[in-house]
Amino acid sequence: MGPLITFYALALLAIVSAAITAFSRNIVHSAFALFGALAGVAGIYVLLGADFLFIIQIFIYIGGILVVTIFAVMLTQGIADVNVSNRAVGVLPALVTAGVAGGVMFYAIIHSSWYHARPGSATPTTYWIGDAFLGPYVLPFEVASLVLLAALIGAIVISRQEVRE
Amino acid sequence: MTPLNLTTIDFSWLAILPLIALSVGAIVVMLAGTRVDDEDSAALGFIVLVALLAAFLLTMFELGQNTAAFRGSLAVDDYAVFFEVIIIIATALTVAMSLEYAADAGLAGAEYYALVAFAALGMLLMAAAGDLIIIFLGLETMSIAVYALAGFIRRDAKSNEAAIKYFLLGAFSTGFLLYGIALLYGATGSVRLTAIHASIAARTAVNPLLLLGLGMLLIGFGFKVAAVPFHMWTPDAYEGAPTPITAFMAVAVKLAAFAGFLRIFFTSLDPLATEWSPVLWALAVLSMTAGNVIALVQSNIKRMLAYSAIAHAGYALVGMAAANGREAGGAVLYYLLAYAFTSLGAFGVVVALDRGAESHAQIDDYRGLARDHPGLAAAMAVCLLSLTGVPPLAGFVAKFYVFAAALNAGFTGLVIIAVLNSVVSAYYYVGVIVAMYMREGGVAVESMSRRPGLLISIAVGVAGVIALGIYPQPYMGAAVNAFASALGRPALHAVSMLP
């Protein structure tokens, strides 16, 4: 019973925070609400016994990306004045689309036979993740660095000042 | 703790040497770029061409292997080689037509050529992918590089618009693809294509989760191959991107997406063919019809060719929808091969009229081209006739094979719609030919003798169109053989398919 209550509490935290992020008119509020969404997901990782993912979620998403996002929001002059946060447009078509998509997903999730991983006590996963990265999944692991290199070069191209002669 | 067992890696130089050649080439270009001015960037292009040649030769060693490496992460089969060879040729021609273009337009050469090499690397990964993670990583490597390339002309608002639209919609579609991959993993417990196939084939009842994942994958790939209704980004991205990159997007990107698309759907999800075949039927009809009808009213040749590319994705989907295994699969592969050469030749001519700063991409600009540049006009005419499907050019044979395969599978209605669409498409393709040969007053085109790279790429494209059209048997044989290797079945002779 305990884990179930914890799960719903964490899920509620994540969903409500995500809704605030999406619907808030103020981008500063959106940025801060993102913290709850990311932390809620991190909590769910703990419930699943995924200790490594939990730490990474905290380090990378909350400690890194979220902090940089908040810095960017705060350092951008007058960002609170120009309601740049998402203005809702096309509410009705969006509701229909989201409703249909959500309904289909809900149906599929309820009626599916899920693949169940072997249940077991929560043990440290870091060793096995490292083993998988350097064993069966060594190629995806290495290729990911090439994706990042391409992204870095692309970001430089896009953000560089055009030199005018 | 046990020490790391290196034998579990299943390491294979053979499978990754072409990839290593390209990534080394890209890094060398970046390093050398610090010493090379943007006006002399053609030298950097030659480095990429050398890397591509090395990758091509190394790929040849994979022929006839039909194994897997890295515990199934990479497939080393003729199917991968077939697509890798076309992708390498398409990339080489893109680089060749960029040699003068990038230098004249003052584009940042090092980043330009490095990103082209990285995009090609991602495409090779998609062609050889044996699991969904590699497909995703290959797709991302390719897409991220091409997003940046589409917006490479920084001063041009249209180029910026192209990059933004392509990036936002592309990232959105990648989300769908990733969600589909996650759901497939949830339903089958594996990301390896062979294991997914085994898991689905072992089931009796259809799992709704699986169908949802299948739908998400369809949306993701539909975006990448620019099938209607997922095509909205195509005309704007094609119009605004630097023209050689437009050719790259229309040919290499589309082929790589089809390589992953076909492999997943024919080797992993084929037990669900009765579910996905009708969806592809609808996508094929929509793509062909919308692409051809909207192309009729375009006045910009890049937009026209964009809608034409959408329509041709539809023709390829006709073969996929037929879904009767080797025959249809081989026909689709041959179709993509023919489309690659035809499209590269046509875009080469568009590059010839385009001079970076002032883009002469209106169809009106092509008036009277035959008088001043009979060679260019003839090349364009050959490619456009091949796109229409006029014998004896590559496009005709390709359409013949695809339509024959679909007819054999009992898709008579679909083939009738496809043939009607081909007739409609003749109108806008021939319109350009009429402008070139029978009208007066286009733009003056810079002499081709000053642009050998572009000249060679157009010549290779046109030569491919004619060779594939006049003597299709060996290439069709290779396509059927390649497809059979992906299915893990012995090669067979393509005799039954010959006209």
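Reckoned from all heavy atoms, side chains included, excluding hydrogens, waters and symmetry mates. Below, read A as the first sequence line, B as the second, and so on, with proteins coming before strands; counting in each chain starts at 1.
Heavy-atom contacts from other residues, nucleotides or ligands closer than 6.0 Å to OH of A:Tyr61 number 12 or fewer.
Within residues 160-179 of chain B, the residues having any heavy atom closer than 4.5 Å to a heavy atom of chain A are B:Tyr179, listed by residue number. Of residues 133-146 of chain B, those residues lying under 4.5 Å from chain A by any heavy-atom pair are B:Ile133, B:Ile134, B:Leu137, B:Glu140, B:Thr141, B:Ile144.
Note: A:Tyr137 OH to B:Asp131 CG = 7.0 Å, rounded to the nearest 0.5 Å. Summarising the geometry, atom CG belonging to A:Leu146 is positioned 8.0 Å from atom CG belonging to B:Leu125; distances are rounded to the nearest 0.5 Å. In this structure, CD1 on A:Ile156 lies 6.0 Å from CE on B:Met30, to the nearest 0.5 angstrom. Note that CD1 of A:Ile110 and CG of B:Leu209 are 11.5 Å apart. Values are rounded to the nearest 0.5 Å.
There is no contact between B:Leu183 and chain A, counting heavy-atom distances below 4.5 Å. Contact annotation for B:Leu211: neither backbone nor side-chain heavy atoms come within less than 4.5 Å of a heavy atom of chain A. In this structure, the portion of B:Leu121 lying under 4.5 Å from any heavy atom of chain A is its side chain and not its backbone.
Considering every non-hydrogen atom in both A:Leu139 and B:Ser73, the closest pair reads CD2-CB, 4.2 Å. Of all the heavy atoms in A:Gly154 and B:Leu115, the pair that sits closest is N-CD2, 4.2 Å. Across every non-hydrogen atom of A:Pro136 and B:Arg192, the tightest pair is O-NH2, 3.1 Å.
Within the 3.5 Å criterion, the main-chain N or O of A:Val157 finds a donor-acceptor partner in the side chain of B:Arg154.
Ranked by non-hydrogen atom pairs under 4.5 Å with chain B, the options A:Val143, A:Val138, A:Ile153 are led by A:Ile153.
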